[in-house]
Amino acid sequence: MKLIPLAKPQISREERTAVNRVLRTLNLAQGPEVKNFENEFSKFVEDRECVAVNSGTSALHLCLIALGIGPGDEVIVPSFTFAATANVVSLVGATPIFVDIDPKTYCLDPLMIKDAITTKTRAIIVVHLYGLPADMKSICRIADENSLLVIEDAAQAHIASIDGKLVGTFGDAAAFSFYPTKNMTSGEGGMAVLKESSIARVCRLLRNQGMEKRYQNEIVGFNLRMTDIHAAIGRVQLRKLPKMTERRIENANYLSANLAIDTVPFVGIGYRHVFHQYTVRLKNSREEFSGKLIENGIGNDVYYPTQVHMLPSFNAGTELPETLAATQQVLSLPVHPGLSRRDLNKIVSRFNKIIEEQGS
Ligand SMILES: Cc1ncc(COP(=O)(O)O)c(C=O)c1O
């Protein structure tokens with residue numbers, strides 16, 4: 001049986017043409033395409049400065065270093081996320097402090113953040129999980145009151161917004177990912193978005209061995225450059241992003257209207273959820289349910305089956321009951337823009353049939 005995939009990058013002739021165009025120029029490393037991609041992406045984050053890099057993880061990593069976060073600092077992070085969010089904190093020598101989520105939104109719970117603040121806390125990394133913006137009004141207020149930096153992990157949330165204000169423009173810095181399963185892709189890639197141009201400059205230096213001018217290295221840096229080939233794909237995808245996002249939202253609305261579930265994904269008033277994932281909760285027998293969906297040709301997966309703080313790489317003993325429950329109950333269904341109405345009907349009918357069978 002043909003499987004409806006959980007994710008499917010939307011690559012067409014335009015992306016292939018753009019790659020061929022770059023290949024013909026022989027400008028294969030970071031060049032004019034990267035610059036143009038940054039300028040064009042900047043329009044989607046209120047003209048903030050953008051620094052294109054080779055992954056979303058690199059974007060987060062650069063933001064932390066450029067903001068001066070390092071040994072002795074504590075950084076508040078969710079545990080219900082991809083490990084990259086916390087990995088970068090450890091990579092700069094700081095300590096991730098794991099905080100529980102709001103079970104409705106799956107994003108950091110502002111009340112829990114308050115309890116985790118100590119004299120060592122320097123920053124909060126907020127994850128807009130599944131494409132839903134976190135409660136930025138409350139989180140930015142807490143950050144202001146405690147002089148903390150805010151870094152948005154917007155890897156899953158391109159052009160999500162709150163009251164029209166786009167994610168990536170709330171904090172001091174933000175990181176987007178262009179991994180193939182994300183709402184837009186460049187193959188691999190990421191974008192660091194900075195509030196201050198002086199910090200953006202440090203990110204640019206760090207990306208390229210500490211150099212702005214060739215062989216005049218100002219600081220110690222990495223090679224985290226994006227290639228023009230990837231940027232060319234990203235530029236085409238960026239043009240398609242508004243339409244692809246509308247499709248995701250339409251697909252999610254269709255699923256919410258038709259799936260036999262008590263609780264559909266929560267979207268607060270004024271919030272634009274861009275549905276990187278359409279995620280439901282199954283209180284019992286999730287693994288069995290997931291297997292049955294696969295047997296019925298419906299791709300699905302668990303984001304995330306493990307609490308990041310319990311991974312051997314962190315091994316923090318904290319108890320986070322809402323995070324634990326989410327890791328045991330969530331299941332994501334296909335919502336990508338490549339779904340046809342027929343696919344959606346199939347997802348709904350097979351899902352509802354399995355629910356009915358389980359109930360009987
Ligand atoms: C929440 C979150 N943060 C960070 C990343 C890292 O992005 P990348 O895979 O582009 O390094 C991802 C991507 O998987 C993610 O989902």
Side-chain angles (χ1 to χ4, degrees), residues 6-7 9 34 37 41 50-65 75-92 96 98-99 101 105-108 123-134 136 139 150-160 167-168 170-171 173-193 203 206-207 222-227 230-231 233-234 237-238 248 273-279 301-309 311 313-314 323 326-327 330 332 335-336:
L6 181 61
V34 170
F37 186 28
F41 197 87
C50 294
V51 181
V53 285
N54 60 358
S55 73
T57 308
S58 298
L60 271 177
H61 194 187
L62 286 196
C63 290
L64 293 195
I65 304 175
V75 179
I76 290 172
V77 294
S79 175
F80 193 58
T81 180
F82 184 54
T85 314
N87 282 346
V88 292
V89 177
S90 294
L91 285 171
V92 299
F98 294 95
V99 162
I101 50 165
T105 64
Y106 301 107
C107 296
L108 273 179
I124 306 168
I125 304 185
V126 182
V127 181
H128 305 301
L129 201 77
Y130 302 149
L132 176 70
M136 295 311 288
I139 293 171
V150 174
I151 296 131
E152 296 175 71
D153 180 341
Q156 306 184 356
H158 316 70
I159 65 171
V167 304
F170 289 92
F176 290 82
S177 165
F178 306 127
Y179 185 74
T181 55
K182 296 295 192 283
N183 290 25
M184 62 171 283
T185 185
S186 60
E188 289 265 14
M191 193 70 80
V193 174
C203 285
L206 288 167
R207 166 179 68 178
F222 307 89
N223 172 2
L224 302 176
R225 297 183 299 259
M226 176 182 274
T227 73
H230 292 90
I233 301 171
Q237 288 271 303
L238 190 60
R248 281 182 181 274
H273 188 329
V274 294
F275 289 98
H276 171 58
Q277 298 294 350
Y278 184 94
T279 302
D301 212 342
V302 174
Y303 300 103
Y304 295 91
T306 40
Q307 306 182 79
V308 171
H309 74 283
L311 294 170
S313 39
F314 295 103
T323 298
T327 59
V330 293
S332 297
V335 73
H336 60 79

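Every number for a ligand or one of its atoms is a count from 1 in the order of the listing. Just so you know, these numbers come straight off a predicted model, no measurement behind them. Sequence positions, counted from 1, serve as the residue numbers for this chain.
- For Phe82, there are no ring-ring contact (aromatic ring centres under 6.0 Å, His included) partners two or more places apart in sequence or in a different chain.
- Checked against a 6.0 Å centroid threshold, the rings of His230 and Phe178 do not count as neighbours.
- Here Tyr106 and Tyr303 keep their ring centres 6.0 angstrom or further from each other.
- No more than 12 heavy atoms of other residues, nucleotides or ligands shown are found within 6.0 angstrom of OH on Tyr179.
- The side chain to side chain contact (heavy atoms under 4.5 Å, CB included) check on Ser58 picks up Val53, Asn54, Ser55, Leu224, with sequence neighbours excluded.
- In this view, Tyr304 and Gln156 satisfy the side-chain hydrogen bond (donor to acceptor under 3.5 Å, both in side chains) rule, not counting sequence neighbours.
- Near ligand 1, residues Ser55, Gly56, Thr57, Thr81, Phe82, Ala84, Thr85, Val127, Asp153, Ala155, Gln156, Ser177, Lys182, Gly189, Tyr304 each place a heavy atom inside the 4.0 Å sphere around the ligand atoms.
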